[in-house]
Amino acid sequence: MQEEPKQRIVILGASGFIGNSIYKELCSYFKTFGSYYTPTNFYKKNHQFFHYNHEDDDIFEILEALKPNVIISSLRGNFNTQVLAHQHIIEYVKHHKCKIIYLSSANVFDYYSKYPSYENDKTLSESVYGRFKIKIENGIMRLPKRKWTIIRLPMVFGSKSPRVEELKECIKAKEPIEVFPNLVMNVTTYDKLTQQIHYIINRNKTGIYHLGSTDLVHHDDFIKDVIDSLGDYRPIYKQVYTTNDERYLAVLPKLNMLPKNLQIVSTDVIKISIL
Ligand SMILES: NC(=O)c1ccc[n+]([C@@H]2O[C@H](COP(=O)([O-])OP(=O)(O)OC[C@H]3O[C@@H](n4cnc5c(N)ncnc54)[C@H](OP(=O)(O)O)[C@@H]3O)[C@@H](O)[C@H]2O)c1
């Protein structure tokens, strides 16, 4: 019997915090390529990596050369050129045997909300970032459903994650740490996220996935718990109130649930983040 050819995966933004964790999780199982933007000797010498700047380069040409059947988009940078790049990625996906996994954000629901958000809730945002993410999501959702997965993420933590490193820096520099007492959210870690993405690829899962902790936390309580778990520090907290009432920035699943072992609770996020 002929062996199944290995999946060919292209990760756009594979030098970034989340993209790089996904690369490390997938590279031993699949033929995996990744893009970087800031040139370093490490990436220049690594043949699985290629330079890509969405402000200058034609992604369609790059994809035609690499022939992926899964594209994972984990980019940041200029919003306009990201939108254009995704229009070209969508064109590629439409005309090839290929699907896209897009890393979106809970911010697509950042318009004042009194409830957590579920997969089919209408997206509504009052921020430039949220509206930009919605624009790309909407373009992707016009593809046939078997060709796309949208992953909506809350804040991503984890050991040595930029968010935890930033807290440590603030403590060291004795700078105030901003907390949002009215913000109710969920959280996750990059390790759990990469396992979830691996599962989504293996099982060929498509549609919208809300990949946050199954429980909700107040932003100020969560940040204080992380810091208390890091050690005996007494940082200065700056309480920021953006609304009078509680507002929710939480993405919970209702339709597309993952198995129990791939779910996470906020106390585990803290335990993992201080390792
Ligand atoms: N981190 C979170 O808490 C979080 C939460 C919700 C959603 N997300 C989403 O997850 C995705 C990844 O986030 P992240 O935190 O991993 O970001 P990140 O660490 O800043 O990584 C961004 C990636 O984009 C690349 N990049 C930047 N400018 C570029 C350009 N002009 N052309 C091509 N590539 C460019 C970077 O390359 P270099 O590093 O080589 O410069 C890097 O590989 C984003 O789409 C974000 O919206 C993240």
Would [X] and [Y] show up in the same hydrophobic cluster when neighbours are defined by side-chain heavy atoms closer than 4.5 Å?
X	Y	value
V10	L75	yes
V251	I101	no
I11	L193	yes
W148	I71	yes
I151	F30	yes

For [X] and [Y], does a side-chain donor sit closer than 3.5 Å to a side-chain acceptor?
X	Y	value
S73	H86	yes
N41	K45	no
E25	H198	yes

How long is the straight-line distance from [atom2] of [Y] back to [atom1] of [X], given to the nearest 0.5 Å?
X	Y	atom1	atom2	answer
D58	E64	CG	CD	9.0 Å
N202	I197	CG	CD1	12.5 Å
I90	I59	CD1	CD1	12.5 Å
M257	K260	CE	NZ	7.0 Å
F50	I62	CZ	CD1	5.5 Å
N244	N182	CG	CG	7.5 Å

Original post:
What's the verdict on side chain to side chain contact (heavy atoms under 4.5 Å, CB included) for I223 and L167, showing C-alpha distance, side-chain angles and the deciding distance?
Top reply: CA-CA 9 Å; I223 296 297; L167 291 176; 4.0 Å; yes

Less than 6.0 Å separating the ring centroids of [X] and [Y]?
X	Y	answer
Y248	Y115	no
F180	Y241	no
H210	Y118	no
Y190	F17	yes

Side-chain contact test, heavy atoms from C-beta onward, threshold under 4.5 Å: evaluate it for [X] versus [Y] and give yes or no.
X	Y	value
I150	Y209	no
K147	T206	no
Q7	I201	yes
I72	V70	yes
I18	Y23	no
P116	L216	yes

[X] side-chain N/O to [Y] backbone N/O, donor-acceptor pair under 3.5 Å:
X	Y	answer
H51	Y37	yes
Q82	G77	yes
T188	V156	no
E178	Y237	no
N69	C98	no
R8	L66	yes

Closest non-hydrogen atom pair, [X] against [Y]:
X	Y	result
P39	K44	CB-CE, 3.8 Å
L153	L211	CD2-O, 3.9 Å
P154	A106	CA-CB, 4.2 Å
P235	I171	CB-CG1, 4.5 Å
L252	T214	CD2-O, 3.9 Å
S35	G13	OG-N, 2.8 Å

**OP:** Take K99 and T149, measure what side-chain hydrogen bond (donor to acceptor under 3.5 Å, both in side chains) needs, and give me the verdict at the end.
**Re:** CA-CA 8 Å; K99 64 174 282 195; T149 310; 3.0 Å; yes

**OP:** Before accepting this row, confirm whether a basic side-chain N of the pair R163/E166 lies closer than 4.0 Å to the acidic partner's carboxylate O.
**Re:** no

**OP:** For K168, check salt bridge (charged side-chain N to carboxylate O under 4.0 Å, His left out) against everything at least two apart and list the hits.
**Re:** E165

**OP:** Evaluate the ring planes of Y36 and Y43, with Trp represented by its six-membered ring, and classify them as parallel (under 30°), tilted (30 to 60°) or perpendicular (over 60°).
**Re:** parallel

Original post:
Is the NZ or CZ atom of K205 positioned over Y199's six-membered ring, under 6.0 angstrom from the centre and within 45° of the axis?
Top reply: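 No, K205 does not sit over the ring of Y199.
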
Original post:
Is K224 atom NZ crowded by more than 12 heavy atoms from other residues, nucleotides or ligands, each under 6.0 Å away?
Top reply: yes

**OP:** Take T243 and L183, measure what side chain to side chain contact (heavy atoms under 4.5 Å, CB included) needs, and give me the verdict at the end.
**Re:** CA-CA 9 Å; T243 47; L183 180 64; over 6 Å; no

**OP:** Could you walk me through whether E246 and H218 pass side chain to side chain contact (heavy atoms under 4.5 Å, CB included), step by step?
**Re:** CA-CA 9 Å; E246 279 189 338; H218 278 92; 2.5 Å; yes

Original post:
Can you check side chain to side chain contact (heavy atoms under 4.5 Å, CB included) on M185 and F222, steps first, answer last?
Top reply: CA-CA 9 Å; M185 58 178 200; F222 180 80; 4.0 Å; yes

For residues 261-275, please give each side-chain donor-acceptor pair under 3.5 Å, one per line with the distance, not counting sequence neighbours.
| from | atom 1 | to | atom 2 | distance (Å) |
| --- | --- | --- | --- | --- |
| Q263 | NE2 | L258 | O | 2.8 |
| S266 | OG | D215 | OD2 | 2.6 |
| S273 | OG | G158 | N | 3.1 |
| S273 | OG | V269 | O | 2.7 |

Tell me which donor-acceptor pairs under 3.5 Å the side chains of residues 125-144 have, and how far apart each pair is, sequence neighbours excluded?
| from | atom 1 | to | atom 2 | distance (Å) |
| --- | --- | --- | --- | --- |
| S125 | OG | D110 | OD1 | 2.7 |
| S125 | OG | S127 | N | 3.0 |
| S125 | OG | S127 | O | 3.2 |
| S125 | OG | S127 | OG | 3.3 |
| S125 | OG | R131 | N | 3.4 |
| E126 | OE2 | R247 | NH2 | 3.4 |
| S127 | OG | D110 | OD2 | 2.4 |
| S127 | OG | G130 | N | 2.8 |
| K133 | NZ | Y102 | OH | 3.1 |
| K133 | NZ | L103 | O | 3.0 |
| E137 | OE1 | R152 | NE | 3.4 |
| E137 | OE1 | R152 | NH2 | 2.8 |
| E137 | OE2 | S104 | OG | 2.7 |
| E137 | OE2 | R152 | NE | 2.8 |

